Protein chains: 2
Amino acid sequence: MSSPSSALALQRVALEQFSLVGFGGASLGSIAQAAGLSKSSVLYHYASKEALLAAAIEPAIDALAQVVESYPYGGDRAEHDRFVERFIDFLLEHRLAVHLFVNQGQVLGTIPAVQRANDLMHRFSETVAERMPSIEDRIRFGVAIGGAAYILVAAANWSDEGEPTPAEAADARAALIDTVASLLRHPEPAH
Amino acid sequence: MSSPSSALALQRVALEQFSLVGFGGASLGSIAQAAGLSKSSVLYHYASKEALLAAAIEPAIDALAQVVESYPYGGDRAEHDRFVERFIDFLLEHRLAVHLFVNQGQVLGTIPAVQRANDLMHRFSETVAERMPSIEDRIRFGVAIGGAAYILVAAANWSDEGEPTPAEAADARAALIDTVASLLRHPEPAH
DNA sequence: AGTCTAACTGTCCGATCGGTCAGGACAACA
DNA sequence: TGTTGTCCTGACCGATCGGACAGTTAGACT
């Protein structure tokens with residue numbers, strides 16, 4: 001706690017590496033090098049590789065818990081849309097962590113922090129599924145979650161432009177909110 | 001080529017491991033063990049770990065090239081919907097490979113086969129973007145691709161039921177086609 | 001019988017892995 | 001001037017990594 005800046009920078013670097021090449025693919029050496037430290041120094045701050053992962057994703061898990069808790073069970077559509085907005089902002093702020101436990105959640109299930117994230121997503125899915133129990137709506141839910149999580153980290157891959165102008169970022173946020181909201185919205189009873 | 005069954009089984013096992021724990025996280029030893037072979041035997045069939053990866057995803061890349069090629073540039077909506085159907089079937093058949101080069105495409109860009117997959121996705125994005133150049137529609141495109149690729153491999157994580165009944169699978173396919181089609185459909189000019 | 005080849009394996013190698021440990025640098029406090 | 005505690009490091013450990021290589025088995029062909 002005494003020099004939080006270096007510790008936070010280390011968590012950020014570790015998160016980037018873990019989400020980029022996977023937990024097993026990222027080495028403590030490469031993380032340390034990217035952070036400008038020695039491997040020993042990393043292990044001084046965090047007892048193990050798993051502890052580093054847990055510390056790196058913990059803020060995101062706390063935020064996720066808060067978002068899931070705020071689901072408007074009996075709310076109207078405006079309230080539901082506000083919930084989606086909170087959810088998207090959570091995704092935007094914790095892109096890397098979300099990408100990590102979305103894509104490696106099952107294989108890292110032994111790590112308590114990841115397990116907690118899995119439980120949260122499970123509960124989230126169940127909560128939403130209570131309102132939309134059909135396969136179609138489960139698909140829409142999954143596409144919304146996975147698609148949003150994906151586009152925030154990997155989309156830059158095969159798009160032309162490099163930098164995301166602040167104005168463009170705002171547009172992207174609005175578009176993402178719109179898209180996810182339409183996916184999570186209760187569809188008309190049937191056609 | 002003389003005993004294709006074992007070679008194909010090896011590719012399938014390798015693909016599962018690569019998409020599950022990442023290319024760097026999967027070891028030749030674990031792949032060999034899962035396939036019931038020795039590590040040496042794996043390296044007899046494929047010159048290197050990268051060669052194994054390339055061979056494992058090559059069929060998926062070929063199929064992707066075919067799908068991208070079949071994009072209906074001047075087609076009507078029915079033709080466009082048929083294209084989406086082909087695309088979803090491609091995703092369903094090559095789930096693991098898609099998940100692999102969607103989530104690890106950038107970091108594995110040095111491998112020629114992955115590079116080809118990246119180029120194809122890039123061209124795919126450009127092709128679709130020609131019709132839908134706005135940020136909103138790019139987002140919708142990304143959510144559709146990423147969401148579909150995601151739900152096919154990771155959704156089982158936080159859903160209750162275990163097995164996907166054949167009838168449920170058909171329903172899921174239909175729902176996925178419907179969802180992606182609506183995302184990729186040209187939206188009304190503006191509201 | 002001998003020959004050839006495909007499929008497979010165990011052994012070995014250098015490099016790298018996660019992790020331990022003893023100690024150095026340095027500011028704060030006595 | 002010690003002394004203490006934080007931050008950081010290089011050296012080292014056993015295990016595992018990707019890969020090279022020599023050799024074995026078994027079936028097909030002559």
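Order of the sequence lines fixes the chain letters, A, B, ..., with proteins taken first and strands second; residue numbering starts at 1 for each chain. Bear in mind that the values here come from a model prediction, so they are computed numbers and not experimental data.
- Contact annotation: A:Ser38 side-chain N/O to D:dT9 OP1/OP2 distance is under 4.0 Å.
- Between A:Arg173 and A:Glu85 there is a salt bridge, since a side-chain N of the basic residue sits under 4.0 Å from a carboxylate O of the acidic one.
- Spacing between atom CD of B:Gln33 and atom P of D:dT16 amounts to 12 Å, rounded to whole angstrom units.
- Closest to the side chain of A:Leu43, out of C:dT9, D:dT9, C:dT20, is C:dT20.
- Atom-to-atom distance recorded for A:Ile57:CD1 and A:Ser19:OG is 11.5 Å, nearest 0.5 angstrom.
- Note: CG (B:Leu53) to P (D:dG18) measures 13 Å, nearest angstrom.
- The phosphate of D:dT9 (OP1 or OP2) has a side-chain N or O of A:Ser41 nearer than 4.0 angstrom.
- Taking the ring centroids of B:Phe87 and B:Tyr71, they lie at or beyond the 6.0 Å cut-off.
- To the nearest angstrom, C1' of D:dT6 lies 14 Å from CG of A:Leu37.
- Nucleotide D:dT9 holds its C1' atom 15 Å from the CG atom of A:Leu10, rounded to whole Å.
- Nearest-nucleotide mapping onto DNA chain D: of B:Leu28 and A:Gly36, the residue sitting toward the 5' end is A:Gly36.
- For C:dC8, the OP1/OP2 oxygens have a side-chain nitrogen or oxygen of B:His45 closer than 4.0 Å.
- Taking the six-membered ring for Trp, A:Phe18 and A:Phe23 have ring centres closer than 6.0 Å.
- Counting any heavy atom pair closer than 4.0 Å across all strands shown, B:Ala26 reaches sugar-phosphate atoms only and no base atom.
- Counting distance only, with no hydrogens placed and no angle test, the side-chain atoms of A:Lys39 and the base atoms of C:dG19 include a donor-acceptor pair under 3.5 Å.
- OP1 or OP2 of C:dC8 has not a single side-chain nitrogen or oxygen of B:Tyr44 nearer than 4.0 Å.
- A close approach under 4.0 Å does occur between a side-chain nitrogen or oxygen of B:Ser27 and OP1 or OP2 of D:dC17.
- For the pair A:Asp76 and A:Arg82, the salt-bridge criterion is not met [side-chain N within less than 4.0 Å of a carboxylate O].
- Side-chain atoms of B:Ser40 and base atoms of C:dG10 include a donor and an acceptor less than 3.5 Å apart.
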